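One structure is given here, and the rest of the page talks about it.
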2 protein chains.
Amino acid sequence: MGGYNIPKATIHRLTRYYRCLERFLLNGKSNVSSKEMANKLNIKPSQIRKDLSYFGEFGKRGVGYDVRELMLSIENILGMKKNWSFCIVGIGNLGLAIANYPGLTKARFKLKGVFDNDKSKIGIGLHDDLVIQSVNELEKTIKERKISIGVLTVPGKYAQKLSDRMVSAGIDGIINFTPVRVIVPKQVMLEEIDISISFRTLAFQINLNL
Amino acid sequence: MGGYNIPKATIHRLTRYYRCLERFLLNGKSNVSSKEMANKLNIKPSQIRKDLSYFGEFGKRGVGYDVRELMLSIENILGMKKNWSFCIVGIGNLGLAIANYPGLTKARFKLKGVFDNDKSKIGIGLHDDLVIQSVNELEKTIKERKISIGVLTVPGKYAQKLSDRMVSAGIDGIINFTPVRVIVPKQVMLEEIDISISFRTLAFQINLNL
DNA sequence: TAGATTGTTAATCGATTAACAATC
DNA sequence: TAGATTGTTAATCGATTAACAATC
């Protein structure tokens, strides 16, 4: 059941640590201290050490961290070298944008299914090996292709129903881009990205500064 | 200079309160208590009252909140009835998706400029009244059309430079969709949305649960 | 008036940061 | 050994939740 109670912020920072280590490695550095990393990232050294301590001991006292080793450790922690399969439900502009998002393939997220309920879209090819399928085939395809992550980019009113269907097909996690909050059982992981809320928050802050 | 030190989470929740009030109004309710709202939203009543208390007193003790009045107050707090103009820098898949994002127009965010440096895209019309412009015209257009929000959907390596250019043209806020963090002066507001981090966080959580 | 619910103060919880003993 | 830096404990900070006096 996992669940060490690790702050989400820690996970976000781990990806930043990794990118930082990549740069150090490129510059030919093989060892690095939490202080050096913290300076680059504009955070406190103890934050880095605390974050890492959730997962084990990766450094040498008095010496620091081996860049390559720490990268491997973070790769392990985050499951970065695993291959993840995902599908996109709703091939509108946003769905298409995610299908073509360059960072995902590099990060081993492989698109294995695309669904829509618009008959004019069904059957159209995507990338080399995919065809837009009817949402009727959602459950069957998730099971057959062992898809573990589902991306919801449909109009809000369909979000909960399609989320339920993915859950019933055995999906492990859902990324919900609709403005509607969906409910999933606790064993299914959920990330919500509400683009309009970022616009709203920004507008509020600008408003405050006037 | 504003800056009451209001948690970002409070702003996010205010938009949820507003949506909740919309539903109550539709159901013909004209008065509502923090308890009733909290039940719907699955949070604590004191959270709602605390959030509202940052901005003033909006209820009647022993009675609750007038639904319509509270909606108006939230509209004011968040600047929801103001018109906001924004531009998109980088008309790839993601930029196009945001250009066509349905919630934004409804929320009074008006697209006033679209830029790219790909010659094959420049000159193409978008919506009724826009044409994709060269990034050379970025500063001029931001000033002429009084654009206050800039959306960055370019490859990461161009992010900082284009951010700087928008800042120098007098932009008020930037929404950065690239995986690269940008630095802006404190008077410029910044929101960062890293889509790949959500995939990564989800993968981590799934990994943990195995 | 008695009951209900606010606005606000105090307590709790969780995350960040500082301090330091352990140790390379 | 002396200096450096870790891993971890304790202190601080900030946000959420509970409690309650004010008051409709």
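Naming convention: chains lettered A, B, ... in sequence-line order (proteins, then strands); numbering from 1 in each chain. Quick caveat: nothing in here was measured; it's all calculated off a predicted structure.
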Within this structure, what is the CG-to-P distance between A:Leu52 and C:dT16, rounded to whole angstrom?
13 Å

For the pair made of CD in B:Glu57 and C1' in D:dC24, what is the distance, rounded to whole Å?
13 Å

Would you kindly give the CG-to-P distance between B:Asp51 and C:dT8, to the nearest whole Å?
14 Å

Pairs where residues 31-44 of chain B contributes a residue and the test salt bridge (Lys or Arg N to Asp or Glu O under 4.0 Å) is met, not counting sequence neighbours
B:Lys29-B:Glu36

Are A:Phe58 and A:Tyr65 close enough that their ring centers fall under 6.0 Å?
no

Which is true for B:Phe58 with a 4.0 Å heavy-atom rule: it touches a base, it touches only sugar-phosphate, or it touches nothing?
sugar-phosphate

Would you call A:Arg49 and A:Glu57 a salt bridge, taking side-chain N to carboxylate O under 4.0 Å as the test?
no

In whole angstrom, give the distance that lies between atom CZ of B:Arg49 and atom P of C:dT6.
6 Å

Should stems be defined as at least three consecutive Watson-Crick or G-U pairs with both distances under 3.5 angstrom, which of them involve DNA chain C?
C:3-24 with D:3-24

Can you identify which nucleotide, out of D:dT6, C:dT6, C:dA19, has its nearest atom closest to the A:Tyr65 side chain?
D:dT6

Residue list, side-chain hydrogen bond (donor to acceptor under 3.5 Å, both in side chains) with A:Arg19, at least two apart or on another chain:
B:Asp194

Rounded to the Å, how far apart are B:Ile48 CD1 and C:dT6 P?
9 Å

Tell me the interatomic distance from B:Asn5, atom CG, to D:dA15, atom P, rounded to whole angstroms.
7 Å

Please report, to 0.1 Å, the donor-acceptor pairs under 3.5 Å made by any side chain of residues 88-103 of chain A, with sequence neighbours excluded.
{"residue": "A:Asn100", "atom": "OD1", "partner": "A:His127", "partner atom": "NE2", "Å": "3.2"}
{"residue": "A:Asn100", "atom": "ND2", "partner": "A:Leu96", "partner atom": "O", "Å": "3.0"}

Can you list everything that forms a side-chain hydrogen bond (donor to acceptor under 3.5 Å, both in side chains) with B:Ser163? Sequence neighbours excluded, please.
none

Within the sub-3.5 Å range, which N or O atoms of nucleotides 9-11 of chain C have a protein N or O partner, and how far apart are they?
none

Those residues that, when tested against B:Ser198, pass side-chain hydrogen bond (donor to acceptor under 3.5 Å, both in side chains) (two or more places apart):
none

Protein N or O to nucleotides 2-4 of chain D N or O, pairs below 3.5 Å:
none

Within residues 10-35 of chain B, those residues having any heavy atom closer than 4.0 Å to DNA chain C are B:Ser33, B:Ser34

Contacts of B:Arg165 meeting salt bridge (Lys or Arg N to Asp or Glu O under 4.0 Å) (sequence neighbours excluded), chain-then-number -> B:Glu139

Acceptor/donor pairs from residues 79-87 of chain B side chains to any protein atom, 3.5 angstrom cut, sequence neighbours excluded:
{"residue": "B:Lys82", "atom": "NZ", "partner": "A:Asn207", "partner atom": "OD1", "Å": "2.7"}
{"residue": "B:Trp84", "atom": "NE1", "partner": "B:Gly79", "partner atom": "O", "Å": "3.2"}
{"residue": "B:Ser85", "atom": "OG", "partner": "B:Lys146", "partner atom": "O", "Å": "2.9"}
{"residue": "B:Ser85", "atom": "OG", "partner": "B:Ser148", "partner atom": "N", "Å": "3.4"}

Quick one: do B:Lys112 and B:Asp129 make a salt bridge, cutoff under 4.0 Å?
no

Using side chain to side chain contact (heavy atoms under 4.5 Å, CB included) as the criterion, point out the one residue from A:Val184, A:Ile174, A:Val188 that pairs with A:Met166.
A:Ile174

Value in whole Å for how far the P atom of C:dT5 lies from CD of B:Glu36
7 Å

Would you indicate whether A:Asn42, at its atom CG, is surrounded by more than 12 heavy atoms from other residues, nucleotides or ligands within a distance under 6.0 Å?
no

Once you round it to whole Å, what is the distance between P of C:dG7 and CG of B:Leu70?
9 Å

Check: B:Gln133/B:Thr141 side-chain N/O donor and acceptor closer than 3.5 Å
yes

If you pin A:Ala9 and A:Lys60 to their nearest nucleotides in DNA chain C, which one's is more 5'?
A:Ala9

Quick one: list whatever passes salt bridge (Lys or Arg N to Asp or Glu O under 4.0 Å) with A:Asp116, sequence neighbours left out.
A:Lys121

